[in-house]
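First the proteins, then the strands, lettered A, B, ... as listed; each starts at 1.
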Number of protein chains: 2
Amino acid sequence: MLTIGKLAHETGVKVPTIRYYEQIGLLPEPDRSAGNQRLYDGAHRDRLRFVRHARELGFPLDAIRDLLSLSDRPEASCAAADGIVREQLHAVRERIARLQALEEELARMIAQGCHGTIADCRVIEVLGDHALCAHDHAGGD
Amino acid sequence: MLTIGKLAHETGVKVPTIRYYEQIGLLPEPDRSAGNQRLYDGAHRDRLRFVRHARELGFPLDAIRDLLSLSDRPEASCAAADGIVREQLHAVRERIARLQALEEELARMIAQGCHGTIADCRVIEVLGDHALCAHDHAGGD
DNA sequence: CTAATCTCTCTAGCAACTATAGCTTCAAGA
DNA sequence: TCTTGAAGCTATAGTTGCTAGAGAGATTAG
């Protein structure tokens, strides 16, 4: 049986985060010791590792909740899980594209350089006037 | 003179967001009409456009605050502004690298495919066991 | 003059935690 | 057995950058 601290150590998830996951229903409420402390077993650890790994891959908690409930039903269809992952891949690719546009723009700003004072600083000038930008890097997070 | 709604329209920043920026001290408190409504002028509009543009480029509000206070002192050195932008470029590049690692891993998961039920779903299996991953895509946001 | 649209303040909510306060329980050494 | 220090408990508030709502007052078009 694991205390919350040991579970945290074994999984790399911080103690308050574990309690948080329990609170929002991502992890089941574990049994308690006589002194009211949480006691975990191997199944809890596996589930928490699953959550952590999915978080590392950028899945939002809601998606993880869905994936967990799928993994609880081994005979369910795999299509749903596949769909969730595809969705995530799509989101990641979009974020990459957006960030690459930003990267280019920032690099351009720096390349134009600053000479001495703010008064003739291209960086500040570009920030003040979007028309000086090479591309559209507009909204839509 | 612009009402807040017109300023919002001209800059593409939503009304509550403008009030929020004022509240956190990014924008100065404008004069008010007899009926207590905010009245803006061209200088306000320029400043708000600056903020919006910097936000689009991903700068956090704290960095924008620094950039604004620099741009208020035209005779100040440009090095600080340059540093802030370089920092942001660095942050963007790191996020891109991280996301590209995720992209690869997600694509791999999908390529391995799901055949029928969750029970033999590679996607769920990989999520449950980090050792099945090709790379480290560990923490550090 | 009235109706429709703005605008005002204030509060609460989103994701996904993190930090703090003030308390209790547990494990190990003297 | 006692004591001390670490680890655990609950509950609340803070983080970032907004967004949404309630309920009231202001302004403007017809």
Side-chain angles (χ1 to χ4, degrees), chain A residues 1-27 29-40 44 48 50-68 87-88 91-92 95 98 102 138-141, chain B residues 1-27 29-40 44 48 50-68 87-88 91-92 95 98 139-141:
Chain A
M1 283 299 190
L2 300 161
T3 62
I4 197 168
K6 279 173 190 143
L7 181 65
H9 185 76
E10 285 194 18
T11 58
V13 179
K14 289 180 187 153
V15 168
T17 305
I18 296 173
R19 287 196 279 247
Y20 169 71
Y21 285 164
E22 178 186 325
Q23 189 194 311
I24 63 169
L26 216 51
L27 299 179
E29 294 184 21
D31 291 338
R32 301 289 185 121
S33 73
N36 197 36
Q37 302 194 350
R38 290 169 179 83
L39 291 177
Y40 298 93
H44 286 106
L48 182 53
F50 185 103
V51 172
R52 172 170 160 80
H53 193 197
R55 283 297 297 139
E56 281 173 0
L57 288 166
F59 288 90
L61 293 181
D62 273 0
I64 296 173
R65 204 190 304 272
D66 292 346
L67 287 167
L68 277 171
E87 217 171 82
Q88 173 65 7
V92 166
R95 282 204 276 159
R98 224 179 104 59
L102 298 193
D141 268 337
Chain B
M1 284 298 190
L2 300 161
T3 62
I4 198 170
K6 279 173 189 144
L7 180 65
H9 186 76
E10 285 193 19
T11 58
V13 179
K14 289 180 189 153
V15 168
T17 305
I18 295 173
R19 287 196 280 248
Y20 169 71
Y21 286 163
E22 179 186 324
Q23 188 194 312
I24 63 169
L26 261 192
L27 299 179
E29 295 184 20
D31 291 337
R32 302 287 185 123
S33 72
N36 197 37
Q37 301 195 349
R38 290 169 180 83
L39 290 178
Y40 298 93
H44 287 105
L48 183 52
F50 185 103
V51 172
R52 172 171 160 80
H53 194 195
R55 283 297 297 141
E56 281 173 359
L57 288 166
F59 287 90
L61 292 180
D62 272 0
I64 296 174
R65 204 189 306 272
D66 292 346
L67 287 167
L68 277 171
E87 216 171 84
Q88 173 65 7
V92 166
R95 282 204 278 157
R98 225 178 104 59
D141 269 337

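Checking side-chain atoms of A:R52 against main-chain N and O of A:T11 turns up a donor-acceptor pair under 3.5 Å.
Annotation: of the two residues near DNA chain C, A:Y20 and B:Y40, the 5′-most nearest-nucleotide partner is B:Y40.
Remark: B:L27 CG to B:L68 CG distance equals 8.0 Å, nearest 0.5 Å. Atom CG in B:L39 sits 10.0 Å away from atom NZ in B:K6 (nearest 0.5 Å). Within the model, atoms CD of A:Q23 and CD of A:E29 stand 10.5 Å from one another, a figure rounded to the nearest 0.5 Å. Remark: B:M1 CE to B:Q37 CD distance equals 14.0 Å, nearest 0.5 Å. The CD1 atom of A:I18 sits 12.0 Å away from the CG atom of A:L26 when rounded to the nearest 0.5 Å.
By the side-chain hydrogen bond (donor to acceptor under 3.5 Å, both in side chains) test, A:E22 is found to be paired with A:R38, residues two or more places apart in sequence or in another chain being considered. A search for side-chain contact (heavy atoms from CB on, under 4.5 Å) contacts involving A:P60 returns A:A63, A:Q88, not counting sequence neighbours. Considering only residues two or more places apart in sequence or on other chains, A:Y20 meets the side-chain contact (heavy atoms from CB on, under 4.5 Å) condition with A:I24, A:L61. Here B:H53 pairs with A:H130, A:H137 under the side-chain hydrogen bond (donor to acceptor under 3.5 Å, both in side chains) rule; sequence neighbours left out. Every ring-ring contact (aromatic ring centres under 6.0 Å, His included) that A:Y40 has, sequence neighbours left out, goes to A:H44. Qualifying salt bridge (Lys or Arg N to Asp or Glu O under 4.0 Å) partners for B:E10, counting only residues two or more places apart in sequence or in other chains: B:R45.
Taking every nucleotide of DNA chain C with any atom under 4.0 Å from a non-hydrogen atom of chain B, the first and last of them, 5' to 3', are C:dT7 to C:dT9. Read 5' to 3', the first and last nucleotides of DNA chain D with an atom closer than 4.0 Å to a heavy atom of chain B are D:dG17 to D:dT27.
Heavy-atom minimum distance, A:L102 versus B:G58: CD1-N, 4.3 Å. Contact between A:V15 and A:G5 at its shortest, heavy atoms only, is CG2-CA, 4.1 Å.
Within the structure, salt bridge (Lys or Arg N to Asp or Glu O under 4.0 Å) contacts touching residues 57-67 of chain A (residues at least two apart or in different chains) are A:D62-A:R65.
Residues from residues 29-38 of chain A with heavy atoms under 4.0 angstrom of DNA chain D, sorted by number: A:R32, A:N36, A:Q37, A:R38. Residues from residues 1-14 of chain B placing a heavy atom under 4.0 Å of any atom in DNA chain C, listed by number, are B:T3, B:I4, B:G5.
When the C1' atoms of four end pairs are superposed on the next four at each end of the helix from C:dC1-D:dG30 to C:dA30-D:dT1, using five pairs per end, the two resulting axes differ in direction by 10°, to 10°.
Across all strands, B:Y21 comes closer than 4.0 Å only to sugar-phosphate atoms, never to a base (heavy-atom distances).
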